[in-house]
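Some notes on the structure that comes next.
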Amino acid sequence: MTSFSIGDTDFLRDGEPHRVISGAIHYFRVHPDLWQDRIRKARLMGLNTIETYVAWNAHEPRRGEWDATGWNDLGRFLDLVHAEGMDAIVRPGPYICAEWHNGGLPVWLTGGEHALRSSKPSFLADVSDYLRRVYEIVSPRQIDSGGPVVLVQIENEYGAYGADKAYLEELVRVTREAGITVPLTTVDQPTHQMLADGSLPSLHKTGSFGSRSLERLATLREHQPTGPLMCSEFWDGWFDWWGGVHHTTDVEAAASELDALLAAGASVNIYMFHGGTNFGLTNGANDKGRYLPLVTSYDYDAPLDEAGNPTAKFHAFREVISRYAPVPAEVPAPASPAPELTVPLRRAGTWTDAAATGEPGERPRTFDELGHLSALVRYDVDLPDSAGGLLIVDEVRDLAWVSVDGQHVGTLARTRHNRAIALPAGRVLSILVEDQGRVNYDHRLGEEKGLIGVPRLDGAPLTGWRSTPLDVAAIAASEVFGTAENGPSAWTAEFDLDSPADLFLDTSAWTKGYAFVNGFFLGRYWRNGPQRTLCVPAPATRQGTNEIVVLELAHLLEPIAAFVSAPALGATEE
């Protein structure tokens with residue numbers, strides 16, 4: 001069997017110097033029927049390795065309900081990498097960041113007061129169980145067992161969060177006991193503090209950066225005096241948030257930085273080679289003083305775009321790589337325009353007015369207390385003496401639509417730091433709260449969602465709250481809608497295709513909500529931008545009649561569903 005190890009200056013493959021030229025593909029962001037296509041295109045760019053995170057909350061959304069099939073079939077993904085003649089790097093976390101909701105940590109783990117990413121015994125017990133399950137998949141697929149896996153990462157940019165060495169040591173112990181024999185790495189941003197805090201002497205340190213490569217490699221070398229230098233997250237693009245711009249990086253500048261890395265003899269993992277999509281409700285969020293939920297697209301301005309087509313960056317990177325390693329003669333075919341069509345939408349009814357459930361409580365219950373994994377909870381309470389007044393909440397996470405007796409009053413937005421709204425007189429106050437995405441970075445990781453604390457009306461606590469979870473996907477699938485005249489509306493349509501095809505659904509005539517094609521949950525849309533189209537992967541479509549369901553939270557500017565020829569991800573800063 002082939003061996004893979006770390007030498008004095010290089011990675012060693014069967015004892016010979018070896019350079020890792022890798023690209024990131026997150027299997028959980030790509031339709032499984034498209035994995036092989038994306039991996040093959042990575043090889044055609046000249047990559048010899050595929051890297052992926054493992055998203056714990058995708059595999060175990062509820063405690064004990066482990067799933068490694070379909071979209072979560074990590075074993076099949078690694079087998080496809082191997083079949084393409086490529087190596088694999090696995091980064092199981094348990095925390096992954098990745099602009100993925102809750103940084104990959106399950107909500108059942110983080111709800112309430114828990115010491116995350118620490119050596120606290122209760123946290124380590126859960127993490128150890130998770131890692132053992134991952135390693136049951138990874139261990140038999142290591143290179144010394146005839147598989148593709150050459151490196152496994154311990155934690156993820158831990159130096160930006162903590163410095164609990166006992167925690168890292170326990171992760172290493174569990175990893176080795178589970179049969180992982182390949183070299184173990186850590187990654188941190190190349191600052192002295194983060195590199196010192198985020199690793200152990202027994203682990204090989206790597207860096208994450210996208211510019212000033214030689215300077216950052218020099219800092220990394222101070223902390224990793226022997227062995228190969230590696231940028232294991234070479235940021236070739238960036239992510240977008242609602243209300244912002246679409247981020248791109250200059251193709252030539254990115255290629256020049258990659259050239260500098262490879263010229264210095266370093267190994268690299270390009271983050272991302274193919275970003276894919278935050279399908280469903282899987283987008284994360286950042287909060288560094290202002291909450292910024294991330295968009296559905298994870299295009300990342302990568303060498304392969306969101307739909308898997310090569311970009312100018314693909315060809316520029318391929319040319320750079322060809323100076324340092326063999327590159328196949330074949331190149332992927334350029335993208336063809338997607339089918340264009342427009343169909344009218346029919347109003348199917350209201351969809352957020354389900355009967356209130358559960359016993360009234362002194363305060364609104366959080367999503368976490370309800371064990372609710374979807375996007376919405378409706379909170380209802382009787383107003384004392386049918387009086388209006390000034391409503392003040394402790395905090396809304398993350399966006400709330402406020403109504404009295406079914407009449408819309410206004411919104412409270414976490415991004416705007418709203419906490420107060422004037423209410424008219426009425427009998428029943430309803431507050432529909434959306435979880436817009438769980439924070440995936442820094443110390444707001446794991447926070448609960450919903451209406452936080454006890455709301456007050458003119459200074460007096462409001463009690464007797466009924467908390468009703470609304471499962472967006474289940475509502476769309478049931479197509480059982482209400483008959484009220486007011487409130488968020490569901491819309492449906494059919495459209496025909498000659499054959500399955502990648503599509504780009506134009507949402508610019510809508511306001512805010514969720515879209516489905518043939519029951520496949522495309523994700524969120526919002527006129528707040530920058531994203532204007534939702535990517536519909538070909539395997540979600542079919543020859544003949546297809547169905548679209550739109551769950552709109554506000555209003556449609558025009559009741560149409562339009563499919564356009566190319567993605568529209570928004571204006572850039574240029």
- Do the side chains of L505 and L522 get nearer than 4.5 Å, heavy atoms only? yes
- Message: Do Q531 and S297 pair up side chain to side chain, a donor and an acceptor below 3.5 Å, judged on atom types alone?
- Response: no
- Task: Answer yes or no: is there a side-chain heavy-atom contact under 4.5 Å between T9 and T226?
- Result: no
- Query: Between the side chain of W35 and the main-chain N/O of V30, is any donor-acceptor distance below 3.5 Å?
  - Reply: yes
- Heavy-atom closest pair (M45 atom, I321 atom, distance to 0.1 Å) is O-CD1, 3.6 Å
- Task: Could you verify whether a donor N or O on one side chain and an acceptor N or O on the other, from S22 and T49, lie under 3.5 Å apart?
- Result: no
- Item | Steps toward side-chain contact (heavy atoms from CB on, under 4.5 Å) verdict (F317, D236) | CA-CA 10 Å; F317 281 13; D236 60 353; 3.8 Å; yes
- Message: Please determine whether side-chain contact (heavy atoms from CB on, under 4.5 Å) holds for the pair E99 and Y298, giving the CA-CA distance in whole Å, both sets of side-chain angles, and the decisive distance to 0.1 Å.
- Response: CA-CA 9 Å; E99 291 74 58; Y298 200 64; 2.3 Å; yes
- Lys NZ or Arg CZ of R524 over Y514 ring: under 6.0 Å, within 45°: no
- Please step through side chain to side chain donor-acceptor pair (under 3.5 Å) for the pair R216 and S211, ending with a clear verdict. CA-CA 8 Å; R216 274 134 180 193; S211 62; 3.0 Å; yes
- Run the salt-bridge test on E136 and R133 with the 4.0 Å N-O cut-off and return the result as yes or no. no
- State, to 0.1 Å, how close W100 and A55 come at their nearest heavy-atom pair, and which atoms those are. NE1-CB, 3.6 Å
- Salt-bridged, R397 to D435, with N to O below 4.0 Å? no
- Item | Pair R444 + E447: basic N to acidic O under 4.0 Å | yes
- Test item: R13 and S3 side chains (from C-beta on) under 4.5 Å apart, heavy atoms: no
- Is a side-chain N or O of W242 found less than 3.5 angstrom from the main chain of L294, in a donor-acceptor match? yes
- Item | Y271 ring center within less than 6.0 Å of F234 ring center | no
- State which residue, out of E155, E233, H26, fulfils the side chain to side chain donor-acceptor pair (under 3.5 Å) condition with R91. E233
- Message: Between K165 and D197, does any side-chain N to carboxylate O distance fall below 4.0 Å?
- Response: no
- Message: Let me confirm one number: the CD-OG distance from E157 to S232, rounded to the nearest 0.5 Å.
- Response: 8.5 Å
- If you take all heavy atoms of L184 and L203, which pair is closest and at what distance? CB-CD2, 3.6 Å
- Query: Nearest heavy-atom pair of S139 and G179: which atoms, and what distance?
  - Reply: OG-O, 3.3 Å
- Task: Work out which heavy atom in L47 is nearest to a heavy atom in M86; give both atom names and the distance.
- Result: O-CE, 3.3 Å
- Task: Could you tell me whether the side chain of R76 and the main chain of W71 form a donor-acceptor pair under 3.5 Å?
- Result: no
- Going from CE on M272 to CG on D301, what distance comes out if it is rounded to the nearest 0.5 angstrom? 13.0 Å
- Message: Within this structure, what is the OG1-CD1 distance for the pair T52 and I96, rounded to the nearest 0.5 Å?
- Response: 8.0 Å
- Task: Please step through side-chain contact (heavy atoms from CB on, under 4.5 Å) for the pair V107 and N57, ending with a clear verdict.
- Result: CA-CA 7 Å; V107 172; N57 53 12; over 6 Å; no
- Message: Looking at D502 and P537, would you say the former's side chain and the latter's main chain have a donor-acceptor pair under 3.5 Å?
- Response: no
- Item | Whether F520 and F279 hold their rings parallel, tilted or perpendicular, with breakpoints at 30° and 60° | perpendicular
- Message: Run N102 and T110 through side chain to side chain donor-acceptor pair (under 3.5 Å) and show every step you take.
- Response: CA-CA 9 Å; N102 223 31; T110 61; 3.0 Å; yes
- Query: Are R173 and E177 close enough for a salt bridge, meaning some N to O gap below 4.0 Å?
  - Reply: yes
- Message: Restricting to non-hydrogen atoms, name the atom on G523 and the atom on L534 that form the minimum distance, rounded to 0.1 Å.
- Response: O-CD1, 4.3 Å
- Item | Side-chain ion pair, K449 and D398, N-O less than 4.0 Å | yes
- Item | Intermediate values then yes/no, side chain to side chain donor-acceptor pair (under 3.5 Å), D240 and H247 | CA-CA 6 Å; D240 298 341; H247 292 84; 2.9 Å; yes
- Message: For L497, is there any backbone N or O sitting under 3.5 Å from a side-chain donor or acceptor partner on Q543?
- Response: no
- Query: So, are D37 and K41 salt-bridged, with charged N and O less than 4.0 Å apart?
  - Reply: yes
- State whether Y161 and R117 meet the cation-pi test: NZ (Lys) or CZ (Arg) under 6.0 Å from the six-membered ring centroid, and within 45° of the perpendicular axis. yes
- Message: In terms of relative ring orientation, are W56 and W108 parallel, tilted or perpendicular, with 30° and 60° separating the classes?
- Response: perpendicular
- Message: Quick check for you: to the nearest 0.5 Å, what is the distance between L74 atom CG and H59 atom NE2?
- Response: 5.5 Å
- Message: Under a 3.5 Å cutoff, is there a donor and acceptor pairing between the side chains of T296 and N278?
- Response: no
- Message: If the threshold is 4.0 Å, N to carboxylate O, is there a salt bridge linking R141 and D79?
- Response: yes
- Query: Are F77 and H82 an aromatic pair by the rule of ring centers under 6.0 Å?
  - Reply: no
- Evaluate the ring planes of Y300 and F239, with Trp represented by its six-membered ring, and classify them as parallel (under 30°), tilted (30 to 60°) or perpendicular (over 60°). tilted
- Message: Assess whether a salt bridge exists between E84 and R40, defined as any Lys/Arg side-chain N lying under 4.0 Å from an Asp/Glu carboxylate O.
- Response: no
- Item | Side-chain heavy-atom pair I180, V138 within 4.5 angstrom cut-off | yes
- Message: If you take the centroid of each ring, where Trp contributes its six-membered ring, are F4 and F11 closer together than 6.0 Å?
- Response: yes
- Reported CG-to-OG distance for the pair D10 and S267, which is rounded to 0.5 angstrom: 8.0 Å
- Item | Nearest-0.5 Å distance that lies between atom OG in S213 and atom CG in L229 | 11.5 Å
- Query: Is any side-chain heavy atom of P92 closer than 4.5 Å to a side-chain heavy atom of L131?
  - Reply: yes
- Less than 4.5 Å apart, any side-chain heavy atom of N269 and any of C231? no
- Under 3.5 Å, is there a donor-acceptor pair linking the side chains of N156 and Q153? yes
- Test item: V187 and Y158 side chains (from C-beta on) under 4.5 Å apart, heavy atoms: no
- Query: Is the Y53-Y27 ring centre distance short of 6.0 angstrom?
  - Reply: no
- Item | From D14, V150, V149, residue fulfilling side-chain contact (heavy atoms from CB on, under 4.5 Å) relative to I143 | V150
- Taking the side chain as every heavy atom from C-beta outward, state whether L105 and Y130 have any atom pair closer than 4.5 Å. no
- Salt bridge between D368 and R438, side-chain N to carboxylate O under 4.0 Å? yes
- Query: Does the R318 side chain pair with the main chain of G46, one donor and one acceptor, at a distance under 3.5 Å?
  - Reply: no
- So, H315 side chain and E319 main chain: donor-acceptor pair closer than 3.5 Å or not? no
